[in-house]
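First listed ligand is number 1; within each ligand, the first listed atom is number 1.
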Amino acid sequence: MFGITHPIVQGGMQWVARAELVAAVANAGGLGFLSALSQPTPEALSLEIARTREFTDRPFGVNLTILPSVNPPPYAEYRQAIIESGVKIVETAGYKPKEHVDDFKVHGVKVIHKCTAVRHALSAERLGVDAVSIDGFECAGHPGEDDIPGLILLPVSADKIKIPILASGGFGDGRGLVAALALGADGTNMGTRFCATHEAPIHDNVKKLLIANDERSTNLIFRKLRNTARVGKNTISDEVVAILDRPESTFDDVAALVRGTRGREVLETGDLSAGIYWAGQVQGLIHDIPSVSELILRIIREATAIIQRRLAALLA
Ligand SMILES: Cc1cc2nc3c(=O)[nH]c(=O)nc-3n(C[C@H](O)[C@H](O)[C@H](O)COP(=O)(O)O)c2cc1C
């Protein structure tokens with residue numbers, strides 16, 4: 001469906017999913033998504049797409065994350081930039097993608113909608129998306145409010161959804177890929193694991209932190225605002241949790257701590273307590289900083305060995 005070699009996808013990541021990473025994933029036979037909103041304008045996104053094409057002639061896509069906002073970015077213009085650039089694969093995420101999906105379909109762009117609940121995947125399927133990416137509770141980013149881990153969410157989804165499914169959240173090695181396939185998915189989508197690669201354009205301190213951290217090193221923030229986000233554990237995310245635990249607290253009490261510019265500073269300067277950073281429970285499985293190609297080939301090698309030896313032995 002997407003012209004790739006390996007069923008491994010790199011999801012859109014704010015400030016991380018830039019040309020270097022996305023092209024490396026494409027060249028290694030996976031599917032990478034540029035993050036549209038990491039670019040300050042739709043024109044800048046067009047340039048970033050052109051820059052990606054300088055590094056690869058393989059297929060890649062663009063992520064369009066639709067979040068409720070007082071001053072929303074010009075989504076329709078970003079969408080137009082994607083269509084005009086000739087990119088043929090888009091990952092949508094967030095709220096109400098209908099108008100975007102309709103327009104992408106008219107222009108022959110395939111859409112993978114990323115969501116966190118079976119009911120949302122079913123409604124995306126009805127909208128006519130080509131595939132869904134289903135984020136379990138383990139994931140970095142927004143896991144939703146149902147708290148259903150992938151081990152349940154994936155087979156429940158596979159029972160109900162007819163279009164291809166990507167398993168997302170908590171995947172980082174060959175064991176995860178085989179498990180995802182066994183649970184009924186057609187491939188995996190990874191975020192955090194791709195941050196700890198040579199090509200991820202973020203500070204080495206963050207990559208080393210992902211290695212030092214373990215599966216317990218995340219915080220769920222914004223729970224009471226019903227906009228839960230799983231982020232890496234640090235003094236700032238601890239503080240956000242503590243403030244929002246107070247009964248009278250509101251978003252305004254943490255707004256300064258969670259500003260996007262501060263999160264960007266963590267990634268760019270390596271100051272690990274400058275703000276919040278996104279990371280999932282899969283940190284417990286990250287022990288090195290390989291190249292993207294080493295990572296993808298290792299996952300495929302591990303998966304193949306598990307299927308051929310461990311699983312085949314069960315049939316003997
Ligand atoms: C640093 C970072 C930034 C992210 N930014 C976005 C984003 O802007 N839009 C989006 O749809 N998902 C975003 N995500 C979520 C990923 O695309 C992916 O769904 C998620 O990381 C999967 O869980 P995993 O980290 O356990 O692999 C981000 C994840 C990380 C780690």
Side-chain angles (χ1 to χ4, degrees), residues 8-18 21-22 25 30-39 45 61-67 69 73 75 78 90-95 97 100 111-116 120 124 132-144 149-151 153-154 165-173 176-177 179-180 185 187-197 200-203 206-207 209-210 213-215 217-218 220 228-234 237 258 260 263-268 272 275-286 295 299:
I8 297 176
V9 175
Q10 165 255 306
M13 290 185 277
Q14 187 72 10
W15 314 130
V16 183
R18 299 179 185 276
L21 178 61
V22 171
V25 173
L31 176 60
F33 285 96
L34 288 173
S35 143
L37 301 183
S38 295
Q39 302 303 323
L45 173 60
V62 177
N63 164 289
L64 192 61
T65 302
I66 307 140
L67 294 175
S69 162
Y75 284 118
Y78 277 98
V90 160
E91 176 189 55
T92 52
Y95 295 82
H100 304 292
V111 178
I112 302 177
H113 183 63
K114 189 163 61 187
C115 53
T116 59
H120 299 153
V132 282
S133 199
I134 305 209
D135 256 328
F137 190 46
E138 303 90 334
C139 73
H142 292 276
L151 197 56
L153 194 55
L154 291 166
I165 296 173
L166 290 169
S168 182
F171 294 96
D173 61 21
L177 176 57
T188 55
N189 177 60
M190 307 193 300
T192 307
R193 176 63 264 204
F194 277 118
C195 292
T197 59
I202 58 176
H203 199 281
V206 179
K207 299 182 187 182
L209 178 69
L210 296 177
N213 280 349
D214 65 19
E215 63 281 8
S217 308
T218 70
L220 290 168
T228 299
R230 188 183 293 284
V231 299
K233 189 170 169 59
N234 65 1
S237 60
V258 302
R264 186 176 181 178
E265 206 180 319
V266 174
L267 300 176
E268 291 180 357
L272 300 174
I276 57 169
Y277 65 99
W278 302 95
Q281 294 179 326
V282 73
Q283 288 174 108
L285 295 173
I286 297 178
L295 175 65
I299 292 174

In terms of residue, atom name and distance, what is the protein heavy atom nearest to atom 21 (O) of ligand 1?
Gly191 CA, 3.3 Å
Sequence neighbours excluded, which residues qualify as salt bridge (charged side-chain N to carboxylate O under 4.0 Å, His left out) partners of Lys233?
Asp238
Output, in order, the C-alpha distance, side-chain angles, deciding distance and verdict of side-chain contact (heavy atoms from CB on, under 4.5 Å) for Phe137 and Arg230.
CA-CA 9 Å; Phe137 190 46; Arg230 188 183 293 284; 3.7 Å; yes
Under 3.5 Å, is there a donor-acceptor pair between the Thr65 and Asn63 side chains?
yes
Which ligand 1 atoms, with their elements, are less than 4.0 angstrom from a heavy-atom of Ala140?
15 (C), 20 (C), 21 (O), 23 (O), 24 (P), 25 (O), 26 (O), 31 (C)
What verdict does the side-chain contact (heavy atoms from CB on, under 4.5 Å) test give for Ile8 and Met190, after you've listed the backbone C-alpha separation in whole Å, the side-chain angles of each residue and the deciding distance to 0.1 Å?
CA-CA 8 Å; Ile8 297 176; Met190 307 193 300; 4.0 Å; yes
Considering only heavy atoms, which of Lys114, Gln14, Gln281 lies nearest to atom 16 (C) of ligand 1?
Lys114
Residues Val9 and Phe194: closest non-hydrogen pair is O-CE1, 3.7 Å
Which residue owns the protein heavy atom closest to atom 2 (C) of ligand 1, what's the atom, and how far is it?
Trp278 CB, 3.5 Å
Protein contact to atom 25 (O) of ligand 1 [nearest heavy atom, distance to 0.1 Å]:
Thr192 OG1, 2.5 Å
Provide the number and element of each atom of ligand 1 under 4.0 Å from a heavy atom of Gly170.
24 (P), 26 (O)
For atom 29 (C) of ligand 1, find the nearest protein heavy atom and state the residue, atom name and distance (0.1 Å precision).
Met13 CG, 3.6 Å
Considering the heavy atoms of Asn189, write down every atom of ligand 1 situated less than 4.0 Å from one of them.
18 (C), 19 (O)
The test is side-chain contact (heavy atoms from CB on, under 4.5 Å); show your working for Ile134 and Leu154 and say whether it passes.
CA-CA 7 Å; Ile134 305 209; Leu154 291 166; 4.3 Å; yes
Element-labelled atoms of ligand 1 that are located less than 4.0 Å from some non-hydrogen atom of Thr65
7 (C), 8 (O), 9 (N), 10 (C), 11 (O)
Using side-chain contact (heavy atoms from CB on, under 4.5 Å), reason through Thr192 and Trp278 one step at a time and then give a plain yes or no.
CA-CA 8 Å; Thr192 307; Trp278 302 95; over 6 Å; no
If you round to the nearest 0.5 Å, how far is CG of Leu37 from CG of Leu64?
6.0 Å
Enumerate the atoms of ligand 1 whose separation from the nearest heavy atom of Ala93 is less than 4.0 angstrom.
11 (O)
Donor + acceptor pair across side chains of His100, Thr92 (<3.5 Å)
no
How does Ser168 reach ligand 1, by side chain, by backbone, by both or by neither, if only non-hydrogen atoms under 4.0 Å count?
side chain
Looking at Met190, which atoms of ligand 1 are within less than 4.0 Å of one of its heavy atoms?
27 (O)
Mind checking what makes salt bridge (charged side-chain N to carboxylate O under 4.0 Å, His left out) contact with Arg193, not counting sequence neighbours?
Asp288
Only heavy atoms of Asn63, strictly under 4.0 Å: list the atoms of ligand 1 that pass.
9 (N), 10 (C), 11 (O)
Heavy-atom contacts with Gly12 under 4.0 Å: which atoms of ligand 1 show up? List them by number with element.
4 (C), 5 (N), 6 (C), 7 (C), 9 (N), 10 (C), 12 (N), 13 (C), 14 (N), 16 (C), 17 (O), 28 (C)
Asp135, portion touching ligand 1 at heavy-atom distance under 4.0 Å:
side chain
